[in-house]
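A, B, ... follow the sequence lines: proteins, then strands. Residue 1 opens every chain.
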2 protein chains.
Amino acid sequence: MIDSDETMTIRQMCEAFDVTPRTLRFYEAKELLFPIREGQKRLFTKRDRARLKLILRGKRFGFSLEEIRQLLELYYVGDQQQTQLQATYGIAQERLNDMESQRDELNEAITDFKTQLDWLGKVIASNADLPAAAE
Amino acid sequence: MIDSDETMTIRQMCEAFDVTPRTLRFYEAKELLFPIREGQKRLFTKRDRARLKLILRGKRFGFSLEEIRQLLELYYVGDQQQTQLQATYGIAQERLNDMESQRDELNEAITDFKTQLDWLGKVIASNADLPAAAE
DNA sequence: CGTACTCCTTACGTTAACGTCAACTTTTGC
DNA sequence: GCAAAAGTTGACGTTAACGTAAGGAGTACG
């Protein structure tokens, strides 16, 4: 045990985030996570946990893993070239626009949905009064 | 031509919504759309267009086609049984909760992302001043 | 020492959501 | 009246995101 503190085994990760081992290995293969190795075994760091949280969040928004991978790069900008950073910045702005328009759409959809649900509630309420032979 | 008004051919639909014919036939097979037939050919009604709009919107929120199909049923409640309506109402409320929590998460993510983007902007700005050999 | 976990890699299977291609009919322009 | 265009139905191919099963290695404990 090099540093059993701060790192987690694959099982612990699975329980903490409600995913399968296969999923974590898959994410590593796709370069979304970078667990360190102790011999054969994977040890997931705090950084991996932060990334996984973002991955799972991204998935709920309908992003693909590849898109998420690109987003994650933004969170871990190392010592890149200036031009690279510029490009990254541009991509980031596009993503932000995507997310904001998605939020706006979602709000619209929620409003619609609420209206529909209210109406449905009324239908149920009114039907409940009838002798079951209307129309 | 039974009523060339109000209805659209598959091509017109494709151009209007930027999808392929295959997609529309697929959605029909999955009972998401119900174009009428003039001989062999499909004719898409106003109802189909409304549904397709909702389908495409739903997809951007990460809903599966099957989930979307269930949602669409809510918009076209016919003469169902009272108990059916009750069940539908319950499902609808769950969906609404899903959408609202998804929106909240999205807002949080947007906030995070903006912070990150601001920081990135500063990195770029400060780097621009340096002689390219810092750290 | 054995067997019981937990982990590993390799590799084939699965589902959703279409793409693509072949073979055929129907409609349309000239 | 006939070729091109547009539409149709199979049927197989493809990609993403894992599931699942086989076989092996290291560690733990009774």
Using 4.0 Å as the upper bound for N to carboxylate O, is an ion pair formed by [Y] and [X]?
| X | Y | result |
| --- | --- | --- |
| A/Glu100 | B/Lys114 | yes |
| B/Lys30 | B/Glu66 | no |
| B/Glu73 | B/Arg69 | yes |

Atom [atom1] of [X] to atom [atom2] of [N]: distance rounded to whole Å?
| X | N | atom1 | atom2 | value |
| --- | --- | --- | --- | --- |
| B/Glu28 | D/dT9 | CD | P | 7 Å |
| B/Leu32 | C/dA16 | CG | P | 13 Å |
| B/Phe26 | D/dT9 | CZ | P | 15 Å |
| A/Leu24 | C/dC7 | CG | P | 11 Å |
| B/Glu15 | D/dA6 | CD | C1' | 12 Å |
| B/Arg25 | C/dC18 | CZ | C1' | 13 Å |
| B/Leu33 | C/dA17 | CG | P | 14 Å |
| A/Asp18 | D/dC18 | CG | C1' | 15 Å |

side-chain contact (heavy atoms from CB on, under 4.5 Å) with A/Leu32: which of A/Ile55, A/Leu24, A/Leu54, A/Asp48?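 Output: one option passes, namely A/Ile55.
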
Side chain of [X] only, heavy atoms from C-beta on: which candidate in [options] is closest?
| X | options | value |
| --- | --- | --- |
| B/Arg22 | C/dC8, C/dG19, D/dT20 | C/dG19 |
| A/Thr9 | C/dC7, C/dG19, D/dA17 | C/dC7 |
| A/Arg42 | D/dC18, C/dT9, C/dC18 | C/dT9 |
| A/Leu65 | C/dC18, D/dT8, D/dA17 | D/dA17 |
| B/Thr23 | C/dC8, C/dC18, D/dC18 | C/dC18 |

To check you understand the geometry: which heavy-atom pair defines the closest contact between A/Arg47 and A/Phe34, and what is its length?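 Of all heavy-atom pairs spanning A/Arg47 and A/Phe34, the closest is NH2-O, 3.3 Å.
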
If you look at every strand shown and take non-hydrogen atoms under 4.0 Å, does A/Arg11 touch a base, only sugar-phosphate, or nothing?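 Since only primed, P, OP1 and OP2 atoms lie under 4.0 Å of A/Arg11, the category is sugar-phosphate.
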
Taking OP1 and OP2 of [N], is either one under 4.0 Å from a side-chain nitrogen or oxygen of [X]?
| X | N | answer |
| --- | --- | --- |
| B/Arg37 | D/dT9 | yes |
| A/Tyr27 | D/dA17 | no |
| B/Thr20 | C/dC18 | no |

Using heavy-atom distances to pick each residue's nearest nucleotide on DNA chain C, tell me which of B/Glu66 and B/Lys41 is more 5'.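 Its nearest nucleotide lies further toward 5', so the answer is B/Glu66.
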
Which residue lies more 5' along DNA chain C, comparing B/Lys59 with B/Gln40 via nearest heavy atoms: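 The answer here is B/Lys59.
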
